[in-house]
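Values below: every heavy atom of this structure, side chains too, minus hydrogens, waters and symmetry copies. Just so you know, ligand 1 is whichever comes first in the structure, and atom 1 is the first atom listed for that ligand. Being a predicted model, the structure only gives us computed values, none of them experimental.
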Amino acid sequence: MSQSTSLHVAVIMDGNGRWAARRGLPRAAGHRAGADAVRRIVEAAPDQGVTALTLFAFSADNWKRPASEVAALMRLFARHLQTETPRLLENGVRLDVVGRRDRLPAPLVAAIRAAERATAAGTRLRLRLAVDYSARAAIADRHILPDVDLLIRTGGEQRLSDFLLWECAYAELYFTEIMWPDFAAADLADALRAFHARQRRFGGLPEAAAG
Ligand code: IPE
Ligand code: IPE
Ligand code: MG
């Protein structure tokens with residue numbers, strides 16, 4: 001298996017609410033469990049050859065949700081950034097948050113700035129968290145990220161929901177029924193195994209036929 005120098009994995013982290021509902025828990029409990037899954041995957045990713053990881057945490061359309069759920073998510077993001085920063089530093093992770101900031105609560109904006117500054121020297125993993133993100137808006141504003149190699153969506157839906165539409169032009173797509181809070185390092189390994197077994201052609205011919 002040829003080891004490429006860069007590997008950009010993007011994840012639509014879906015299924016927190018259903019994970020909670022199945023356990024008779026409030027949706028917010030699903031989001032908290034989802035934050036634990038983020039920690040696990042961020043820590044597992046570099047050892048699996050991932051050099052860049054972009055995680056969809058909150059879409060521009062998620063403002064349509066009840067104010068109480070939105071507020072709980074915004075608090076969770078701010079708290080997660082604060083508590084995780086030391087671990088990100090230890091693990092050589094550089095964090096950037098992508099998406100609009102002007103609609104986010106001030107304490108979250110402050111937590112984002114602090115986490116970005118603290119981790120700016122990280123070189124082992126480029127972690128991007130998409131918050132209040134819309135791919136259509138990003139394209140219109142010319143905020144384009146590096147091409148995605150592998151796009152994973154958990155939670156069973158097979159759609160992009162306005163995530164990285166430009167960057168996924170040649171991404172390999174991987175959909176799994178696993179709910180995001182249950183997604184573990186072994187599941188990331190499964191997705192990467194499937195990815196490495198695929199033949200990417202980018203419109204050309206398979207290597208053997210290209211002569
Ligand atoms: C994904 O889980 C997290 C966010 C969109 C914030 P959901 O909250 O969409 O969970 P489901 O799809 O309702 O199960
Ligand atoms: C996509 O999930 C957004 C995130 C995971 C942050 P949604 O749950 O919002 O997407 P739809 O509504 O099923 O398309
Ligand atoms: Mg969902």
Only heavy atoms of D14, strictly under 4.0 Å: list the atoms of ligand 1 that pass. 1 (C), 2 (O), 7 (P), 9 (O), 10 (O), 11 (P), 12 (O)

Quick one: look up the protein heavy atom nearest atom 14 (O) of ligand 2 and list residue, atom name and how far away it is. S161 OG, 2.6 Å

S59 N/O to ligand 2 N/O under 3.5 Å: no

Every N, O or S from the protein that is nearer than 2.8 Å to the Mg ion (ligand 3): D14 OD1

Taking atom types as modelled, is there a side-chain donor on R100 or S134 under 3.5 Å from an acceptor on the other? no

Could you list the donor-acceptor pairs under 3.5 angstrom formed between side-chain atoms of residues 62-78 and any protein atom two or more places apart in sequence or on another chain?
{"residue": "N62", "atom": "OD1", "partner": "S59", "partner atom": "N", "Å": "2.7"}
{"residue": "N62", "atom": "OD1", "partner": "S59", "partner atom": "OG", "Å": "3.2"}
{"residue": "N62", "atom": "ND2", "partner": "S59", "partner atom": "OG", "Å": "3.4"}
{"residue": "W63", "atom": "NE1", "partner": "D132", "partner atom": "OD1", "Å": "2.9"}
{"residue": "W63", "atom": "NE1", "partner": "D132", "partner atom": "OD2", "Å": "3.3"}
{"residue": "R65", "atom": "NH1", "partner": "E69", "partner atom": "OE2", "Å": "3.0"}
{"residue": "E69", "atom": "OE1", "partner": "R27", "partner atom": "NE", "Å": "2.9"}
{"residue": "E69", "atom": "OE2", "partner": "R27", "partner atom": "NE", "Å": "3.2"}
{"residue": "E69", "atom": "OE2", "partner": "R27", "partner atom": "NH2", "Å": "3.3"}
{"residue": "E69", "atom": "OE2", "partner": "H31", "partner atom": "NE2", "Å": "2.7"}

Does a side chain donor of either D14 or T154 reach within less than 3.5 Å of an acceptor in the other side chain? no

Tell me, yes or no, whether the heavy-atom count around R113 atom CZ, taken from other residues, nucleotides or ligands under 6.0 Å, exceeds 12. no

Hey, which atoms in ligand 1 end up nearer than 4.0 Å to a heavy atom of L73? 6 (C)

Check the pair E167 / R128 against salt bridge (charged side-chain N to carboxylate O under 4.0 Å, His left out), numbers first and verdict last. CA-CA 14 Å; E167 295 85 347; R128 294 183 180 88; over 6 Å; no

Heavy atom of R18 under 4.0 Å from ligand 2? no

Nearest-neighbour protein heavy atom for atom 10 (O) of ligand 1, which is reported as residue plus atom name and distance: G17 N, 2.9 Å

Considering distance alone, does some N or O of W19 sit under 3.5 Å from an N or O of ligand 1? no

Main-chain N/O of L150 paired with E172 side-chain donor or acceptor, under 3.5 Å: no

Does K64 reach ligand 2, in the sense of a heavy atom lying below 4.0 Å from it? no

Main-chain N/O of G34 paired to W180 side chain as donor or acceptor, under 3.5 Å: yes

Does atom CZ (R117) have a neighbourhood of more than 12 heavy atoms from anything else shown, all under 6.0 Å? no

Subset of ligand 2 atoms that lie under 4.0 Å from at least one heavy atom of F58: 6 (C)

Could you give me the CA-CA distance, side-chain angles and deciding distance for R94 and E116, then say whether salt bridge (charged side-chain N to carboxylate O under 4.0 Å, His left out) is met? CA-CA 7 Å; R94 174 177 177 183; E116 286 179 337; over 6 Å; no

Is a donor from one side chain sitting under 3.5 angstrom from an acceptor on the other, for H8 and T51? no

Enclosure of R40 CZ (heavy-atom neighbours >12, cutoff 6.0 Å): yes

Looking at G155, A57, A28, the heavy atom closest to atom 4 (C) of ligand 1 belongs to A57

I need the nearest protein heavy-atom contact for atom 2 (O) of ligand 2: residue, atom name and distance, please. R153 NH2, 3.6 Å

Considering both backbone and side-chain atoms of N62, is one of its nitrogen or oxygen atoms within less than 3.5 Å of a nitrogen or oxygen in ligand 1? no

Nearest heavy atom to atom 13 (O) of ligand 2 wins, so pick from R65, R159, M13, E157. R159

Considering only Ile, Leu, Val, Met, Phe, Trp and Tyr, and joining two whenever side-chain heavy atoms are under 4.5 Å apart, list the other residues clustered with L164. I12, F56, V98, Y133, I139, I144, L145, V148, L151, L160, F163, L165, W166, L173, F175

Going by the rule salt bridge (Lys or Arg N to Asp or Glu O under 4.0 Å), which residues pair with R124 if we only count those two or more places apart in sequence or in a different chain? D47

Any heavy atom of M179 sitting closer than 4.0 Å to ligand 1? no

